[in-house]
Engineer: 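Just dropping this structure here.
Both ligands and their constituent atoms are indexed starting at 1 by order of listing. FYI, side chains are in, hydrogens and waters are out, and symmetry mates aren't considered; it's all heavy atoms of this structure.
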Amino acid sequence: MRHVMKTYGRKEISFVRGEGIWLFDSNGKKYLDALCGIAVTGLGHCHPSVVEAVSEQSKTLMHASNLYNIPEQEKLATELAKISQMDAMFFCNSGAEANEVAIKLARLYGHKRGAEKPNIIVMEQSFHGRTMATLSATGNRKVQAGFEPLLGGFSRVPFDDIDAVRAVGENNPDTVAILVEPVQGEGGIRIPRPTYLEELRDVCVKNNWLLMVDEVQSGMGRTGSWFAHQQTGIIPDVMTLAKGLGNGIPIGACLAKGEAAEILTPGTHGSTFGGNPVASRAALATIQAIAKESLLENAKRQGDLITKRLKEAFDGNRSVVNIRNKGLMIGVELNESCGQIVDLALESGLLLNVTADKVVRLLPPLILTDNDSEVMAGMVATVIKKFLSK
Ligand SMILES: *Cc1c(COP(=O)(O)O)cnc(C)c1O
């Protein structure tokens, strides 16, 4: 890796093949994948429908340009509109890019309404990406450090605190939008109380702010519904997607509804690759497979099963502070830094990660069977116990 910039603390493992819930490294060792490339391969590795869609499209046409119609992109937009109730969307290549669109859209919306310095309310412990705008929106000093001056136009409040949102909004008449993750992923699988999004929706309606939900990690069935916010009564004005959208082929999207869907006009935004034929076909195949294989129901079932088994395994164990999940976003919070668990898991043939220093995070594939989940929960419990017994 001498000629690759050292932006990652990489493990000395090279994966060379994937099949369903399994990954294989260059030594032929097999790993159970409870991470999915960070919430990407929800259908498992090399799902036949996605493989076929990508291979077929690659042989037909890989790229033309957004200067022309892209029928595959239009088809994808139609399907995404159906499952999200959104009106229009912009396609890009990643989560950060999708959030850039949301931020630009909110600023245009604000200027249209006469705001001099449009302000977006963002949350502590949030993660929205690594570009300058999205790292400025992110609630994590480690992500921001060294990149000052940050982009202005963001006010930060504690997550799951509606009064703080109201206070900031009342103090700043230029407030135009709220950007929030329905479940904070990088922040440690933090799940707000059930009424939080509805309260945010109400505040937004009352003040004519846009409610923008970052579903880059929580979307595409991972939490047991197409999008996590659908488990509440709300419809957002803007939603961003990426990670699981193409099951491994890079694609992101910013979806909008009503007035928000009309804000971006010709010349205000663009992307060379966004929504290209191959990526669009991959996303379309991903959506179809999730529906056909009833994976929304399964994500909830398997997430609850794994969580139940983990709670049984750590019942009364005071080193484990909390075990929580929304479908297959699962967090096991310990009372100490536990980054070493990643290596112990690798040794035992299991992929997971640790986020927010103390939270073991599982983002397993949506295709797990009951038996897979039993095996996975057992391996996770064993690894955590091994770490705690040291
Ligand atoms: C991963 C993530 C992003 C950034 O996505 P990239 O594709 O890495 O740019 C943004 N928001 C959330 C909630 C994420 O989990």
Engineer: Under a 4.0 Å threshold between the charged nitrogen and the carboxylate oxygen, would E333 count as salt-bridged to R324?
Structural biologist: yes
Engineer: Answer with side chain, backbone, both or neither: which part of T134 has a heavy atom less than 4.0 angstrom from an atom of ligand 1?
Structural biologist: neither
Engineer: Can an N or O of F127 be found at a distance shorter than 3.5 Å from an N or O of ligand 1?
Structural biologist: yes
Engineer: Can you see whether S319 engages N335 through a side-chain donor-acceptor pair at a distance of less than 3.5 angstrom?
Structural biologist: no
Engineer: Does V216 reach ligand 1 with a nitrogen or oxygen that is under 3.5 Å from one of the ligand's nitrogen or oxygen atoms?
Structural biologist: no
Engineer: What is the nearest protein non-hydrogen atom to atom 7 (O) of ligand 1, stated with its residue, atom name and distance?
Structural biologist: G95 N, 2.8 Å
Engineer: Less than 4.0 Å between a side-chain N and a carboxylate O, is that true for K206 and E199?
Structural biologist: no
Engineer: With respect to A242, determine whether any N or O atom, backbone or side chain, lies less than 3.5 Å from an N or O atom of ligand 1.
Structural biologist: no
Engineer: What pairs with H111 under ring-ring contact (aromatic ring centres under 6.0 Å, His included), at least two apart in sequence or on another chain?
Structural biologist: none
Engineer: Could you check whether E215 pairs with R222 (Lys NZ or Arg NE/NH1/NH2 to Asp/Glu carboxylate O, under 4.0 Å)?
Structural biologist: no
Engineer: As an exercise, identify every atom of ligand 1 less than 4.0 angstrom from a heavy atom of Q217.
Structural biologist: 15 (O)
Engineer: Need the ligand 1 atom indices (1-based, order shown) with element for anything under 4.0 Å from a heavy-atom of N99.
Structural biologist: 10 (C), 11 (N)
Engineer: Write out the residue and atom name of the closest protein heavy atom to atom 11 (N) of ligand 1, then the distance separating them to 0.1 Å.
Structural biologist: D214 OD2, 2.7 Å
Engineer: Show the atoms of ligand 1 that are less than 4.0 angstrom away from any heavy atom in S94.
Structural biologist: 7 (O), 9 (O)
Engineer: Suppose we measure from atom 9 (O) of ligand 1 to each protein heavy atom; which comes out shortest, and what is that distance?
Structural biologist: A96 N, 2.8 Å
Engineer: Between D174 and R107, does any NZ, NE, NH1 or NH2 come within less than 4.0 Å of an OD or OE carboxylate oxygen?
Structural biologist: no
Engineer: Less than 4.5 Å apart, any side-chain heavy atom of V165 and any of W209?
Structural biologist: yes
Engineer: When you measure from atom 15 (O) of ligand 1 to the protein, is at least one non-hydrogen atom found at a distance under 4.0 Å?
Structural biologist: yes
Engineer: Looking at E312 and R309, is there a salt bridge between them, counting it only when a charged N and a carboxylate O are closer than 4.0 Å?
Structural biologist: yes
Engineer: Which part of E181 is near ligand 1, with near meaning a heavy atom under 4.0 Å away: side chain, backbone, both or neither?
Structural biologist: side chain
Engineer: If you have a sec, work out which protein heavy atom is nearest atom 2 (C) of ligand 1 and how many Å separate them, to one decimal?
Structural biologist: K243 NZ, 2.5 Å
Engineer: To the nearest 0.5 Å, tell me how far M62 CE sits from N276 CG.
Structural biologist: 9.5 Å
